[in-house]
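For reference, the structure discussed in these notes is given below.
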Amino acid sequence: MTARIVETNLTPFNPCEVDPITLDIVENALKNARNEMDATVYRTAMSPGIREQGDSFPLIADRKGRMVVGQFGSFIQGFLNGFEGDIEDGDVIWLSDPYSCEGAVSHNNDWLILLPIFRDGRLVAWASHFGHQTDVGGKVPGSLPTDGGSIFQEGIRIPPVKLYKKGEFQEEILNLVLHQVRMPEWCRSDLNALLAACRAAERRVHEMCARFGDDVFVAANEELLARNYRAMEQLIQTTVSEEKLSFTDYICDDGRGFGPYKIHCTMWREGNRVILDFDGTDPQSESSINFYMNENMFKMFFGIYMIMVFDPQILFNDGFYPLVDVRIPDGSLLKPKFPAALSCRTHALGRIFDILGGLLGQRQPQFLNAAGFSSSPHLMFSGYNPDGSWFQLFQIGFGGIPGRPFGDGPDGHSLWPGFTNVPNEFLERYYPMRIERYETEIDSGGAGKHRGGNGIIMTYCFLSEGTISIHDDRWFIHPWGVNGGTPGKRARKILERAEGTRTVIGNKIDDLKVHDGDQLHYITWGGGGWGDPLERDADLLALEYKRGLVSREGAKRYGVVLDDAGKVDEAATNALRADMQANREDIPVFDFGPPIEELRKNALEETGLAAPRPPRQKSL
């Protein structure tokens, strides 16, 4: 059953031609409205994940629910397919349950607001915004249990409900939900921020309709979607072959000692349509690393990658969706069956971008990016202040961005557009902690003509007793390099107790007790390198040595010898590069590092952690 849109005015919109200038004005007005949605959230939310880091995503869609401006593609069709009820003027829908909306949101922490925009009794558009809540209840603070065995352990699941019904606020529903969470004040504020952002978009849509007329506004949306279709049709024809190409990458482990988990995708073109088939991906996990991937979301990932690489001037929206066929096996890591746990799906979400890069660049290696985004490092820290009040931190860390065809990958940066770090001053002001160190991890980026970005090392000194949880990946499988570039270094986490003992701890742990004076050294992975390292400018490496990005020993990976003062020894460099050139094999397109069995054999020695055991299939 699908939702029923109740329109009191059944007059159809008149199809009309939209002149290029009007279309350009509407397009930019929609872009500005989307930016206003972001600004509204950042100025009114309370949680650092949304307010400081921008972990929220807006969109404005046409009357059929297709995203016209936004980032992650439309969440609306999945909701419409699963909602059994009427949608009327004045309604505002609220939900967080991935299984009720075909994965439109992918774990319970993401609260989604959907606002249908009616005008004179007719639906003209949608505004929507979702954001990650710091806590939604469940078995651990932060609601992201790595060892969760089902979604019932991951906090409150909100099915599609009406927060506003014909304009009337349903306060009892909100109070019921807030009673289940550890940070009700933050959740209330963040929810209000998401709603305020949608109201801002609603106002701008009404202004555009008043200026140009409802028919012109609706027709302009149609044309923006159609224009995207035409542009993507050309890109697909010129960049995607009818020959099948495949790519495989892995999630390192599931936090329970099993891994790595394979994600496999095959791509080919049939006529003007591209097929992306995930057959061969591992079955769903017993832990929470499953990613219930909405097909439309992946279509948007594909489109964003195509546009950013081949034609960044295109406005990406949902118009090209009919050109893409995404096939995901039921019961797999990317389409688990209810009630599989989903809270730690971020590792697979990040890995999808590496897989897209590996797929789309095989025919044209000059456009390849190395592996880099790979995961989304999380730290949770919670406990009680001396006055008895509860504190709880959710923070997203950054790793190394991959080396790229046109330059180095940034160091310690986020690949998510718009994401920023939580300022250290904020952390020290509002949490019992001190940041002892925050810098790039030297030599962690893969070597290449264009260097992979370094990861970061962040040292937290805890000033109060509490518990921490860590979610990260790329500690076992290397971020791969391309076109001669070498893999980036892997992530690691070290807990240094106040009495001086140092222990390597897992990259996926929950509820680890820490005490006053303990320090956590949080080290993330580097991006893979791009291109032949022997072609890198030696003087640039000397500069990076002075900046603490590359060591003297690390410079030798590029065949560059630096003297004690950090200057290039030209004679020694020429000799070393000539020797390296003469003794190496053909340059590979991909450098994945050692094979998995070798990684297993050497894991304890190289990482300080036991190798994960091969995954076992979950009984379905």
Side-chain angles (χ1 to χ4, degrees), residues 144-148 247-265 281-291 332-334 341-355 358 370-379 396-400 402 415 441 444 446 452 455 469-481 487-494 504-510 522-528 590-618:
L144 304 173
T146 295
D147 64 350
F247 197 78
T248 300
D249 209 335
Y250 298 85
I251 308 300
C252 291
D253 72 318
D254 61 3
R256 293 183 169 190
F258 295 95
Y261 285 80
K262 179 173 66 175
I263 300 178
H264 180 82
C265 188
T281 295
D282 275 348
Q284 68 191 68
S285 169
E286 294 180 354
S287 84
S288 60
I289 62 167
N290 303 296
F291 175 30
S332 69
L333 191 75
L334 300 179
L342 305 172
S343 60
C344 299
R345 89 286 187 243
T346 322
H347 315 299
L349 173 59
R351 201 59 42 83
I352 289 297
F353 288 96
D354 285 345
I355 288 171
F373 184 51
S374 302
S375 183
S376 182
H378 293 356
L379 173 70
I396 301 172
F398 303 141
L415 198 62
E441 173 74 347
S444 56
S469 295
I470 296 172
H471 296 163
D472 199 6
D473 207 63
R474 285 294 192 197
W475 70 269
F476 182 68
I477 301 289
H478 288 268
W480 33 269
K489 281 189 177 179
R490 296 173 288 181
R492 63 193 187 279
K493 311 292 179 287
I494 302 169
V504 177
I505 59 176
N507 283 264
K508 297 181 183 70
I509 59 171
D510 289 311
Y522 197 106
I523 305 164
T524 61
W525 27 262
F590 294 98
D591 185 348
F592 296 101
I596 289 176
E597 288 310 310
E598 186 176 335
L599 294 175
R600 289 193 197 280
K601 179 181 176 181
N602 299 326
L604 189 60
E605 178 182 353
E606 293 178 352
T607 70
L609 299 171
R613 293 163 285 168
R616 58 190 184 190
Q617 184 171 355
K618 181 178 175 63

Check the side chains of Thr248 and His264 for a donor-acceptor pair under 3.5 angstrom, ignoring hydrogens and angles. yes
Regarding Arg492 and Glu606, does a basic nitrogen lie under 4.0 Å from an acidic carboxylate oxygen? no
Looking at every heavy atom in both Pro260 and Pro615, which two are closest together, and how far apart are they? O-CG, 3.3 Å
Return the CD1 to SG distance between Ile355 and Cys265, rounded to the nearest 0.5 Å. 7.0 Å
Are the side chains of Leu604 and Leu609 in touch, meaning some heavy atoms are under 4.5 Å apart? no
Mind checking whether Ile477 and Ile251 have side chains closer than 4.5 Å, heavy atoms only? no
Please examine the side chains of Ile509 and Thr146, heavy atoms only from C-beta on, and report whether any two atoms are closer than 4.5 Å. no
Determine whether a donor-acceptor pair (N or O, by modelled atom type, separation under 3.5 Å) exists between the side chain of Thr524 and the backbone of Gly455. no
Does Asp254 reach the main-chain N or O of Phe258 with its side chain, forming a donor-acceptor pair under 3.5 Å? yes
Spatial distance of atom CG (Asn507) from atom CZ (Phe476) [nearest 0.5 Å]: 12.5 Å
Side-chain heavy atoms of Ser343 within contact of Ser288, under 4.5 Å: yes
Is there a donor-acceptor pair closer than 3.5 Å between any side-chain N or O of Arg345 and the backbone N or O of Leu349? no
Please report the closest heavy-atom contact between Pro402 and Ala371, naming both atoms and the distance. CB-O, 3.5 Å
Less than 4.0 Å between a side-chain N and a carboxylate O, is that true for Arg600 and Glu597? yes
For Ser376 against His378, the heavy-atom pair lying closest together: O-ND1, 2.9 Å
Distance-only donor-acceptor check, side chains Asp253 and Trp475, under 3.5 Å: yes
Test item: Asp282 side-chain N/O and Tyr261 main-chain N/O as donor-acceptor pair under 3.5 Å: no
Rounded to the nearest 0.5 Å, what separation is found between the CG atom of Asn602 and the OG1 atom of Thr607? 9.5 Å
Return yes if a side-chain donor-acceptor contact under 3.5 Å exists between Trp525 and Asp472, otherwise no. yes
Assess the residue pair Lys493 and Ile523 against the criterion (side chain to side chain contact (heavy atoms under 4.5 Å, CB included)); give the C-alpha distance rounded to whole Å, side-chain angles, the decisive distance to 0.1 Å, and a yes or no. CA-CA 6 Å; Lys493 311 292 179 287; Ile523 305 164; 5.6 Å; no
Could you check whether any side-chain heavy atom of His478 comes within less than 4.5 Å of a side-chain heavy atom of Leu599, counting everything from C-beta outward? yes
Dump the intermediate steps for side chain to side chain contact (heavy atoms under 4.5 Å, CB included) on Tyr522 and Ile494, then the final yes or no. CA-CA 7 Å; Tyr522 197 106; Ile494 302 169; over 6 Å; no
Any idea which heavy atoms bring Asn290 and Ala341 closest together, and the distance? ND2-O, 3.0 Å
Say whether, by atom type as modelled, one donor and one acceptor occur between the side chain of Asp591 and the main chain of Gly481 under 3.5 angstrom. no
Please step through side chain to side chain contact (heavy atoms under 4.5 Å, CB included) for the pair Leu333 and Ser285, ending with a clear verdict. CA-CA 6 Å; Leu333 191 75; Ser285 169; 4.1 Å; yes
NZ/NE/NH1/NH2 to OD/OE distance under 4.0 Å, Lys508 and Asp147: no
Just say parallel, tilted or perpendicular for the rings of Phe592 and Phe247, cut-offs at 30° and 60°. tilted
Nearest-0.5 Å distance, OG1 of residue Thr346 to CG of residue Asp473: 10.5 Å
Worked verdict on Asp249 versus Ile263 for side chain to side chain contact (heavy atoms under 4.5 Å, CB included): CA-CA 6 Å; Asp249 209 335; Ile263 300 178; 5.6 Å; no
Heavy-atom side-chain proximity of Arg256 to Glu286 below 4.5 angstrom: yes
For Ala611 against Ala603, the heavy-atom pair lying closest together: CB-CB, 3.6 Å
Relative to each other, are the rings of His347 and His471 parallel, tilted or perpendicular (30° and 60° limits)? perpendicular
